[in-house]
2 protein chains.
Amino acid sequence: MLNFDFYNPTRILFGQGQIASLSTLVPTGARVMMLYGGGSIRQNGVYDEVMAALAGHSVTEFGGIEPNPSYETLMRAIEQVKSEKIDFLLAVGGGSVIDGTKFVAAGALLDEDPWSIFDKRSANIVDALPFGTVLTLPATGSEMNSGGVVTRKSTQEKRSFMSRKVFPQFSILDPAKTFTLPVRQVGNGVVDAFAHIMEQYLTYPVNAKVQDRFAEGLLLTLVEEGPKALSDPEDYDVRANVMWCATLALNGLIGVGVPQDWATHMVGHELTALYNLDHAQTLAIILPNMLRARREEKRTKLLQYAERVWGLTGGDEDTRIEAAIARTERFFAQMGVGTRLADYGLGADCVEPVIKALESHRMTKLGEHRDVTIEVSRRVLEMSL
Amino acid sequence: MLNFDFYNPTRILFGQGQIASLSTLVPTGARVMMLYGGGSIRQNGVYDEVMAALAGHSVTEFGGIEPNPSYETLMRAIEQVKSEKIDFLLAVGGGSVIDGTKFVAAGALLDEDPWSIFDKRSANIVDALPFGTVLTLPATGSEMNSGGVVTRKSTQEKRSFMSRKVFPQFSILDPAKTFTLPVRQVGNGVVDAFAHIMEQYLTYPVNAKVQDRFAEGLLLTLVEEGPKALSDPEDYDVRANVMWCATLALNGLIGVGVPQDWATHMVGHELTALYNLDHAQTLAIILPNMLRARREEKRTKLLQYAERVWGLTGGDEDTRIEAAIARTERFFAQMGVGTRLADYGLGADCVEPVIKALESHRMTKLGEHRDVTIEVSRRVLEMSL
C-alpha cells in the first residue's frame, strides 16, 4: 500500500425528507445565494422544498449554470456574489452546478482573475465561501469531494481544480428526488461513477486489499442496480444504492494508497470541449479501448476485475480480459450510452483535433505509469471510431 | 436503505514516516499534553520519533493510561490539563489511550463532574479541547470516530460516550510501528475489528448493497491478513491492510443506513468490568453464541455471511449457518483468542453477576430488534461456558 493523506469533512444527510434540514444547516443570518441549472428543479419539486426549508433566510438566486459549467457563466455569478455581499452558497443540482459553485466559492475571494486557479494548480485558493449542496443527479461525486471542472467556452478549454478549501460543508442526498431524471442522465450518471471507480482501481496491484474490495463492491452494485434504475425508476432502494455508489466512487476513499490512472478522463475532456459530448459519453467511448490498448501494463488487475466483477474464470488470460472489457462495453450500452465515436456522428476527422488539444494542454504523459503518450491516445481514439 | 447522517472530519496520515508530520500538524505555540499508556512507546521508538517531531513545541506528558482507561486515572489527567493550561492533546497509543484522551478533551471543559457525560448521554459535551492521535495498535477504530469507553474502577462500571466534538483532528497510522506488538494484542485487535464489523453487518437486510459489500470486504481482508500478521509480523502490507481495516470497521461508514446490533459488546463490557477480561476476549466468547441464539432473526444475513465471507454454499440452510459460526470461532482461536469463558478460568458462577450488572445498567432490551432480553443474554452466557 502507498502512503496516503485522507481528509473528507463533508457531512452527508441521506434519505427521504432530508431537504427540510436545510433550515438548520444553513446558518441563520447568512446572505445565501442558491445556484442551480436549467430549471428542472422547478418541475420536480426540489425548488419548492428548498425554498420552504429556507423560509426566514435571506436567499437570492443564480440559475442557468449549464452542463460542463462555463467560466463565462460562473464569472457572472461571482460578480453577483460580490455585489450582493453573499456569504453562503447553496448548490442545488448535479455535478455541474456543484463544480460551478466550488469555483464561485473560491473565485469570489480572489483578487485576481479566477482562471488563474488552473494555471496556479489551485495554490492560490487560500480561502473560499462556505457552501452546501442538494444533489439531484447521482454521477460525479462532486457533492463529497474537493474538486471541480470548468470549461472556458471562448477557448474551448476544460480544466480541473482541487483544494481542501472547497469541500461542501454538507450535502443532502434524497434518492426520491432522482425518480424523475431523464433516462439519458441516469445512464450517464451510472457510467460516470463506474469510470471514476475504474480510474482508481484498474491500474497495477499494490496489495491494497480493502481499496480493491471497496472498488469491486461499488462496481458490482452499479452493474446490478444501474439497469434496474432504468427499468423501475421509482424503486427507492435501487436509486439509493446508485446514489450512494456515485458519491463513494469519488470521495477519495477508494483512491487512497493506490496508483491512479485518469487517462480516459483527460482524453474525454477534450472530446467534450471540442464536440460537446456529455462527459459520460466520452468515458463510455474511451475507457474500454484505453484498457485494451494498455492490456499488458494492466494485466494483473484486468484479470482480477474479470473474475471478481464479471465472474469470468474460464478460458485463457487474454480471453478473460477481452471478455471483461466487452462486458464493460455492453453494460455502458445497456445504460443507453453509446461506446463508439460513430454513435455521436463523429468520424476519423475528430482524432487530430483531440490530439492537438491534448498536446497544447501538455497531456502527453498520462496514466499511472505516465506512459500514455500522444501515440497511445491516438491509437485509443482510432480504435474507438 | 435507512436514512442517515454521516460526518467524519478526521484527517488520516497513513504510512511509514508519517509521524514526522506532527511538526506541522500540531499548532505552533500550542501547550501540548502527550498522553500515553504503559510505556511500550519508549521501547518501540515511537516516543522518540514523536518527541523529535515536536521539537520546538511546548510538550508535557501524562503516561500510565491503562487498558480500559479508568475514570480515576483520567481525572488526574484533567487536573493536570487545567493546572498547566494545556490547549492541545496528543494521544499516542491504542484505543484505550485515545478513548481516554477524548474523555479528557471533553471533561476538561466541563463545569461539572465529567462522569455526568454518561448520565447525560453526552448532551453536555458542547466543546472539547482539540487533539490528534498517533495510533500504535490497530483494533478499536477510536482513531477515526467520535466515541469512547471509560471504566470507573470504584463501581466496576464500563460506560460509553459519543459526541461530534471529540473526533480527532488527525490520526497518524504507521503500520511499521505495529511490527513489535505482542501476539496477544495483534490477535485482540483483529478480533475487535471483526466484531465491530459484525455488529453493523449481521442484523437483517435493508437492501443496502454498498454497506454490505464494504463490510464483507473488510471481513474477508481480516480473515486473509489476520493470521499472516501473526506468522509474519514484519510484512508491511499485511500490517497496513489490518490497520486500515480496523479503522474502517468503526469510522461510521459501514454502519450508515443499516440497523445495528451491539448486544455482544454490551454483554462483553460487563465481563470486562467484572472479571477484567480483555475487550476482544469478551467479544470472541459472546459473538458466536449471540449469533446462534438469534439465528432465526438473523437468518437471511447469516446465510449471506456464510456464502460471501466463508464461501459456504453447500448443504441446507441450518448447516451453512452453523458452519459459518463455527468458522468464525475457529478464526478467533486461530488469532490466539479463546472463545469460551472456561478459557479464562470463568465458570457458571460468573453468569448471575453479569446478568445483575446488565439489569442495573438497563441493558435489558438489546440488539437491532431490542429483543435481546435478560433471558437471551443469560442463555448466551450459559452457551459460552
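In what follows, chains are A, B, ... by sequence order, proteins preceding strands, each numbered from 1.
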All heavy atoms of B:R11 vs all of A:D5, minimum pair found to be NH2-OD2, 2.6 Å

Looking only at heavy atoms, the pair that brings B:C245 and A:V210 closest together is SG-CG2, 3.5 Å

The interface call for A:V206 against chain B, heavy-atom contacts under 4.5 Å, is backbone

message = Taking atom NZ as the centre, does A:K165 end up with more than 12 heavy-atom neighbours from other residues, nucleotides or ligands that are less than 6.0 angstrom away?
response = no

| Are the aromatic ring centres of A:W244 and B:F4 under 6.0 angstrom apart? | yes

Between the CG atom in A:L248 and the CG atom in B:L253, the distance rounded to the nearest 0.5 Å is 6.0 Å

Ranking B:T221, B:L2, B:L13 by heavy-atom pairs under 4.5 Å to chain A gives rank one to B:T221

Okay, A:S21 and chain B: the region with an atom under 4.5 Å from a heavy atom over there is neither

Assert top hit (heavy-atom pairs under 4.5 Å, partner chain B, pool A:F6, A:Y7, A:F170, A:F14) equals A:F14

Okay, A:M243 and chain B: the region with an atom under 4.5 Å from a heavy atom over there is neither

So, does B:N241 use its side chain to make a donor-acceptor pair with the main chain of A:A208 at under 3.5 Å?
no

Cut-off 4.5 Å, heavy atoms of chain B, and the answer for A:L220 is both

Applying a strict 4.5 Å limit to non-hydrogen atoms, the region of A:N8 in contact with chain B is backbone

Would you say A:R299 has more than 12 foreign heavy atoms packed within less than 6.0 Å of its CZ?
yes

Applying a strict 4.5 Å limit to non-hydrogen atoms, the region of A:R164 in contact with chain B is side chain

CD of A:Q18 to CG of B:N3, rounded to nearest 0.5 Å, is 5.0 Å

Rounding to 0.5 Å, atoms CZ (A:R213) and CD (B:E224) come to a distance of 4.0 Å

Correct closest heavy-atom pair for A:D237 and B:M1 would be OD1-N, 2.6 Å

